[in-house]
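No hydrogens, no waters, no symmetry mates; every other heavy atom, side chains included, goes into these values. The chains referred to below are lettered A, B, ... by the order of the sequence lines, with proteins before strands, and numbering in each begins at 1.
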Amino acid sequence: MWSHLKEQGIELPKITSKEINEQIGPVLRRMEKIGVEIDVKSLNSLAKDTEGKLRKIEKQIWKLAGEEFNINSPMQMAEILYKKFKLLNGEIKKTKNGYSTAANELKKLEGKHKIIKPILEYRELSKLLSTYLKPLPLLVDEKSRLHTSYGQDTTTGRLTSNEPNLQNIPIKGELGQKIRKAFVASKGMKLISADYSQIELRVVACLANDKVMKEAFIQHQDIHAKTAAEIFDTKTNKVTSDQRRVAKTVNFGVLYGMSPYGLSQSLSIEQEKAADFISRYFTAHSGIKDYCNRMIGKAHDEGYVETIFGFKRMLPNIDSHYRNIANAEERMAINTPVQGSAAEILKLAMIDLEKKLDDLNKNKFKAQMLLTIHDELIIEVVDSAVSEVAKIVKETMEQVIKLCVPIVAEVKVGNNWGEMKVLKI
DNA sequence: ACAATGGTCC
DNA sequence: ACTCGGACCATTGTA
């Protein structure tokens, strides 16, 4: 399938998706067993603070609503907002049973009623309280370490994490940051985080052999700014931060097989505008356009698509006469090879790194992998070996496979997961 | 026990 | 009219 990659100078390690998954197994079991240390006191203290704040906001919301109701109930919330206050402005999405009260929809009403803001704040805090602050401290072992379980049963080849899920620990917002800070290195040790920079876009640049995108990565350009220049028809150095933000969404959209509707929703713009962005994007990136058509064609012809190491995803409904079902599988046809190949690259790097750390630990213990979060690794390392290990991690990740563009991993170090400093290597 | 809704991450 | 890719989990409300 991907034999054409060789002609681009890409060298694939001689290994199959199945072998990667077999070899990553023991690595994952070891990471599960080791676990990650949590500052339980800090989480408990944050939980207390947050409970207090929630009680306050709850009262405020009830006062504005003129009655007491269960803020956690979308049903009761819709009753208040849409029946009592008639805040429907014509652009609120419907759910199966009524009008949505999802945050995205409520934001459209922020200017219309004072109750919206505290509701959004309540939602954020109560989410973090009930999903992270309350449960996590109950799950630590006698050494205050938290042990997740990694799974491999996904449709794209990504790993999963559950009981607890450590792949969706908050990062946004003030409280989110504080929660990350409660993931700490043991005494005398540091955490190293290493994440691939735009690995999926680099992968698709190669899968699609897209001239413009390849050039951008080879020259280490700001890919989102460059895309902004293309779709807004301006110079890269004249791109505004707003234009760049839009372009970033467009670039993500590519990976998801974007439709004008989907793009318009995530950018809160008109569909016509979104369609125009997409059209300009595909004009600038004919390689990507061809790639999309090739994957859809393959799914039609063969019934599946696959990653660079041969992980297959069946797409049995690609010929459905229900356009929405067929369209959904077309998007999967576009996304799966990208997301899946990127996942395989990180898994390969983990297999490599495990061996190197084993060697390093032979004489004296120095470092161990703790977590994997799709394009990121968290490693715990003794203070004295930080720079040595950081270098090994970065090189392992960047050299694990030769793509048609450079692979870049950013390495950071800190005493906890919430405040890490970039390491120049 | 289960579906619906909503929200966190990459 | 089309309701963007991949996961896990909490809460509500009904069965």
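Under a 4.0 Å N-O distance rule, the pair K178(A)/E174(A) qualifies as a salt bridge. Between E395(A) and K356(A), no side-chain nitrogen of the basic residue sits less than 4.0 Å from a carboxylate oxygen of the acidic one, so the salt-bridge criterion is not met. Salt bridge E19(A)/K347(A): absent, no basic N to carboxylate O contact under 4.0 Å.
Atom P of nucleotide dC2(C) and atom NZ of K94(A) are separated by 14 Å, given to the nearest angstrom. Separating the CZ atom of R123(A) from the P atom of dT11(C) is a distance of 14 Å, rounded to the nearest angstrom. For Y122(A) and dT11(C), the OH to C1' distance is 10 Å, given to the nearest whole Å. Going from atom OH of Y281(A) over to atom C1' of dC4(C) covers 15 Å, rounded to whole Å. Summarising the geometry, the separation between CG on L139(A) and P on dC9(C) is reported as 10 Å, rounded to the nearest angstrom. The distance from atom OH of Y256(A) to atom C1' of dA7(C) is 12 Å, rounded to the nearest whole Å. In this structure, I269(A) places its CD1 atom 16 Å from P of dC4(C), rounding to the nearest Å. Rounded to an integer number of Å, the gap from CG of L136(A) to P of dC9(C) is 11 Å.
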| task | Please step through side chain to side chain contact (heavy atoms under 4.5 Å, CB included) for the pair S259(A) and N327(A), ending with a clear verdict. | result | CA-CA 9 Å; S259(A) 66; N327(A) 284 340; over 6 Å; no
| field | I269(A)/F277(A) under side chain to side chain contact (heavy atoms under 4.5 Å, CB included): CA gap, chis, key distance, verdict | value | CA-CA 11 Å; I269(A) 59 173; F277(A) 287 150; 3.7 Å; yes
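dG7(B) and dA1(C): their P atoms are spaced 26 Å apart (whole Å). A distance of about 14 Å separates the P atoms of dC4(C) and dG6(B), rounded to the whole Å.
A side-chain donor from one of T148(A) and S161(A) sits under 3.5 Å from a side-chain acceptor of the other. Donor-acceptor pairing under 3.5 Å is lacking for the side chains of S100(A) and E105(A). One side chain, E91(A) or N89(A), offers a donor N or O that lies under 3.5 Å from an acceptor on the other. Looking only at atom types and distance, the side chain of E329(A) has a donor-acceptor partner in the side chain of N317(A) under 3.5 Å away.
As judged by a 4.0 angstrom heavy-atom cut-off over every strand, E200(A) is placed among residues making no nucleic acid contact. Among the atoms of the strands shown, none is found under 4.0 Å from any heavy atom of L255(A). Within the 4.0 angstrom heavy-atom criterion, no nucleotide atom of any strand lies near N327(A). Contact annotation for D195(A): no contact, since no heavy-atom pair falls under 4.0 Å across all strands. Counting any heavy atom pair closer than 4.0 Å across all strands shown, S264(A) reaches no nucleic acid atom.
You'll find that the side chain of K127(A) is closest to dC9(C), out of dC9(C), dT3(C), dG13(C). Checked against dT3(C), dG13(C), dG6(C), the side chain of M75(A) finds its nearest nucleotide in dG13(C).
Taking the 5' to 3' direction, DNA chain B first and last meets chain A under 4.0 angstrom from a heavy atom at dA4(B) to dC10(B).
Using a 4.5 Å heavy-atom cutoff, the side chains of V405(A) and C206(A) are in contact. When side chains are defined from C-beta on, I57(A) counts as touching I61(A), because their heavy atoms get closer than 4.5 Å. In this structure the side chain of L81(A) reaches within 4.5 angstrom of the side chain of I115(A), judged on heavy atoms.
Residues from residues 155-174 of chain A placing a heavy atom under 4.0 Å of any atom in DNA chain B, listed by number, are R158(A), Q167(A), N168(A), I169(A), P170(A), I171(A), K172(A). Less than 4.0 Å separates DNA chain B from at least one heavy atom of each of the following residues of residues 95-114 of chain A: T95(A), K96(A), N97(A), S100(A), T101(A), A102(A), A103(A). Contact check of residues 332-342 of chain A against DNA chain B (heavy atom, cut-off under 4.0 Å) returns no residues at all. Residues from residues 297-326 of chain A placing a heavy atom under 4.0 Å of any atom in DNA chain C, listed by number, are R313(A), N324(A).
The number of heavy atoms from other shown groups lying within 6.0 Å of CD (E302(A)) is above 12.
Taking the six-membered ring for Trp and thresholds of 30 and 60 degrees, W2(A) and Y291(A) have nearly parallel ring planes, at less than 30 degrees apart.
Under the rule for a salt bridge (charged side-chain N to carboxylate O under 4.0 Å, His left out), the partners of D222(A) that lie at least two apart in sequence or sit in another chain are R244(A).
Looking only at distances, no side-chain donor or acceptor of Y150(A) sits under 3.5 Å from a matching main-chain atom of V27(A). Side chain of D141(A) to backbone of S144(A): a donor-acceptor contact under 3.5 angstrom is found. The main-chain N or O of K190(A) is never found under 3.5 Å from a side-chain atom of E380(A) such that the two would form a donor-acceptor pair.
The side chain of S73(A) contributes an N or O atom lying less than 4.0 Å from OP1 or OP2 of dG13(C).
In terms of polar N and O atoms assigned as donor or acceptor, the side chain of S266(A) comes within less than 3.5 Å of the base of dC4(C) in a complementary pairing.
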